[in-house]
Peer 1: 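For reference, the structure I am asking about is given below.
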Amino acid sequence: MSYDRPTIRHPDAPKNDLGYTRKQYEGSISTLCAGCGHDSITNAIITACFEMNLEPHRIVKLSGIGCSSKTPAYFLGKSHGFNSVHGRMPSVATGANMANRELVYIGVSGDGDTASIGMGQFAHVVRRNLDMVYVVMNNGCYGLTKGQDSATADKGSKSKKGNPVSLESIDLCELAIQLGAGFVGRGFSGDKKQVVEMLKAAVAHKGLAFLDIISPCVSFNNVPTSTKSYSWVREHEEANLPFDFIPYRREILADYPQGSTLPVTLHDGSVLNLHKQEDKIDVTSRTAAMGALEKAKKDGHILTGILYLNPELPDTHAILQTSTTPLNTMGESELCPGNAVLRKMNESFR
Ligand SMILES: Cc1ncc(C[n+]2csc(CCOP(=O)(O)OP(=O)(O)O)c2C)c(N)n1
Ligand code: SF4
């Protein structure tokens with residue numbers, strides 16, 4: 001069931017460069033539990049797309065199954081959407097992206113959806129470096145089915161009615177780095193500013209941008225004994241180096257802060273200014289990122305921010321050398337050139 005928002009808006013509501021208000025980026029009213037972290041991430045996605053001046057009809061939002069996967073109903077109501085099967089968002093995203101490479105793809109998943117039933121799909125979509133933003137709303141439990149521990153629940157962590165988790169947890173950021181992702185970040189739904197900036201950078205990145213956002217489940221996993229609760233994350237969050245996202249076309253581009261700043265140009269010309277600090281990680285090094293994540297875990301901290309970045313990796317289209325013309329703009333004669341062409345192709349393999 002979904003509920004539409006009222007259509008009335010303040011006449012002076014701020015507009016972006018396209019002349020749209022934030023409303024053009026909203027969806028229907030959320031039916032999630034009041035206080036659910038997923039709603040904050042929904043809000044951050046709306047803000048990021050509005051502020052980036054993305055045209056809603058050029059965005060595709062996709063998801064699997066879970067409370068997290070319901071959220072695309074609550075953002076970007078004027079965009080293309082596909083709520084798929086549990087753990088299968090990546091294959092639907094791959095098909096859509098192969099047919100039309102010119103759209104912005106935002107996939108939303110849960111820790112259950114990604115780290116258990118969808119693990120195989122996750123691994124391969126990262127490996128293929130599909131050009132998309134992949135967001136996991138990570139609450140350490142299966143919220144929709146009443147709070148069972150998920151594979152990202154930390155060993156020893158205890159949810160509202162559960163026993164301490166006896167298995168080692170899966171760290172999706174470490175896994176994404178290991179699988180070859182070129183953009184990996186971790187956020188906390190309670191830190192909207194950081195999440196919005198990371199989302200903008202993720203959209204500007206060419207290839208798969210993975211964001212693991214800790215998003216407390218207030219109904220089943222928000223107790224002090226859980227490492228995915230608001231109180232735990234607030235006490236244990238350790239931000240990695242601060243950064244500014246500077247969208248392409250903003251004049252400030254010429255004004256890089258000097259000294260300890262590393263400007264990284266993303267594929268659309270936007271710039272990420274990474275402000276280096278001593279004792280923080282070098283995000284351009286996979287080994288440094290893995291080491292920092294392991295160290296933070298050992299120290300009982302949660303490292304947030306951009307953790308690994310390599311804007312140079314070829315995406316799926318570049319790897320497979322697909323046509324630069326989106327398939328959905330080709331006619332039948334190009335898509336199905338006939339028997340003679342097929343025979344010639346087959347000959348070339350003999
Ligand atoms: C094939 C299949 N198996 C199991 C389920 C039941 N199921 C629905 S949602 C879910 C887990 C959701 O957890 P998560 O992805 O972490 O999302 P959350 O609800 O916590 O946001 C499960 C097991 C299903 N819908 N389909
Ligand atoms: S059950 Fe948990 S994850 Fe689902 S909407 Fe409620 S608070 Fe959010």
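Every number for a ligand or one of its atoms is a count from 1 in the order of the listing.
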Peer 1: Using 0.5 Å steps for rounding, measure from the CG atom of Leu327 to the OG1 atom of Thr322.
Peer 2: 7.5 Å
Peer 1: Which of the numbered atoms in ligand 1 are under 4.0 angstrom from any heavy atom belonging to Cys141?
Peer 2: 16 (O), 20 (O)
Peer 1: Any nitrogen or oxygen of Tyr142, main chain or side chain, under 3.5 Å from a nitrogen or oxygen of ligand 1?
Peer 2: no
Peer 1: Taking heavy atoms and a distance under 4.0 Å, where does Asn139 meet ligand 1: side chain, backbone, both or neither?
Peer 2: side chain
Peer 1: Out of Gly37, Ala115, Gly143, whose heavy atom is nearest to atom 20 (O) of ligand 1?
Peer 2: Gly143
Peer 1: Just jot down the ligand 1 atoms closer than 4.0 angstrom to any heavy atom of Gly112, in number order.
Peer 2: 14 (P), 15 (O), 16 (O)
Peer 1: List by chain and number: which residues place a heavy atom under 4.0 Å from ligand 2?
Peer 2: Leu32, Cys33, Cys36, His38, Cys67, Asn139, Gly143, Cys217, Val218, Ser219, Phe220
Peer 1: Under 4.0 Å from any heavy atom of Leu144, which atoms of ligand 1 are there?
Peer 2: 9 (S), 19 (O)
Peer 1: Are Lys344 and Glu347 ion-paired here, with the side-chain N under 4.0 Å from a carboxylate O?
Peer 2: no
Peer 1: Is the contact between Cys217 and ligand 1 made by the side chain, the backbone, both, or neither, using heavy atoms and a 4.0 Å cut-off?
Peer 2: neither
Peer 1: Using a strict cut-off of 4.0 Å, indicate which atoms of ligand 1 neighbour a heavy atom of Asp113.
Peer 2: 14 (P), 15 (O)
Peer 1: Would you call Ser150 a ligand 1 contact, heavy-atom distance under 4.0 Å?
Peer 2: no
Peer 1: May I have the step-by-step check of side-chain hydrogen bond (donor to acceptor under 3.5 Å, both in side chains) for Ser79 and Tyr25, ending in yes or no?
Peer 2: CA-CA 8 Å; Ser79 299; Tyr25 296 84; over 6 Å; no
Peer 1: Taking only heavy atoms of Ile65, which atoms of ligand 1 are found under 4.0 Å from at least one of them?
Peer 2: 8 (C), 9 (S), 15 (O), 25 (N)
Peer 1: Would you say His38 contacts ligand 1, with heavy atoms under 4.0 Å as the rule?
Peer 2: yes
Peer 1: Do Gln194 and Val196 have side chains that get closer than 4.5 Å, going by heavy atoms?
Peer 2: no
Peer 1: Counting each atom of ligand 1 from 1 as listed, which ones have a heavy atom of Cys67 under 4.0 Å away?
Peer 2: 18 (P), 19 (O), 21 (O)
Peer 1: Count the heavy atoms belonging to other residues, nucleotides or ligands that lie under 6.0 Å from NZ of Lys297, then report whether that count exceeds 12.
Peer 2: yes
Peer 1: Could you tell me the separation between the SG atom of Cys141 and the NZ atom of Lys146, rounded to the nearest 0.5 Å?
Peer 2: 11.5 Å
Peer 1: Any carboxylate oxygen within less than 4.0 angstrom of a Lys/Arg side-chain nitrogen, looking at Asp171 and Arg186?
Peer 2: yes
Peer 1: Could you give me the CA-CA distance, side-chain angles and deciding distance for Asn138 and Asp212, then say whether side-chain hydrogen bond (donor to acceptor under 3.5 Å, both in side chains) is met?
Peer 2: CA-CA 7 Å; Asn138 188 350; Asp212 179 41; 3.0 Å; yes
Peer 1: Are there more than 12 heavy atoms of other residues, nucleotides or ligands under 6.0 Å from atom CZ of Arg58?
Peer 2: yes
Peer 1: Has Ser215 got a side-chain atom pairing as donor or acceptor with Ser189's backbone, closer than 3.5 angstrom?
Peer 2: no
Peer 1: Are Ile170 and Leu179 grouped together when hydrophobic residues (ILVMFWY) are joined by side-chain heavy atoms under 4.5 angstrom apart?
Peer 2: yes
Peer 1: Less than 3.5 Å between some nitrogen or oxygen of Thr145 and one of ligand 1, yes or no?
Peer 2: no
Peer 1: Of the protein's non-hydrogen atoms, which lies at the shortest distance from atom 10 (C) of ligand 1, and what is that distance?
Peer 2: His86 NE2, 3.3 Å
Peer 1: Could you pull out, from Gly147, Ser68, Ser215, the option with a heavy atom nearest to atom 21 (O) of ligand 1?
Peer 2: Ser68
Peer 1: What is the distance from atom CD1 of Ile213 to atom OG of Ser40, rounded to the nearest 0.5 Å?
Peer 2: 10.0 Å
Peer 1: To the nearest 0.5 angstrom, please state how far the CZ atom of Phe243 sits from the CD1 atom of Ile306.
Peer 2: 4.0 Å
Peer 1: Can you check whether Ile117 has an N/O within less than 3.5 Å of an N/O in ligand 1?
Peer 2: no
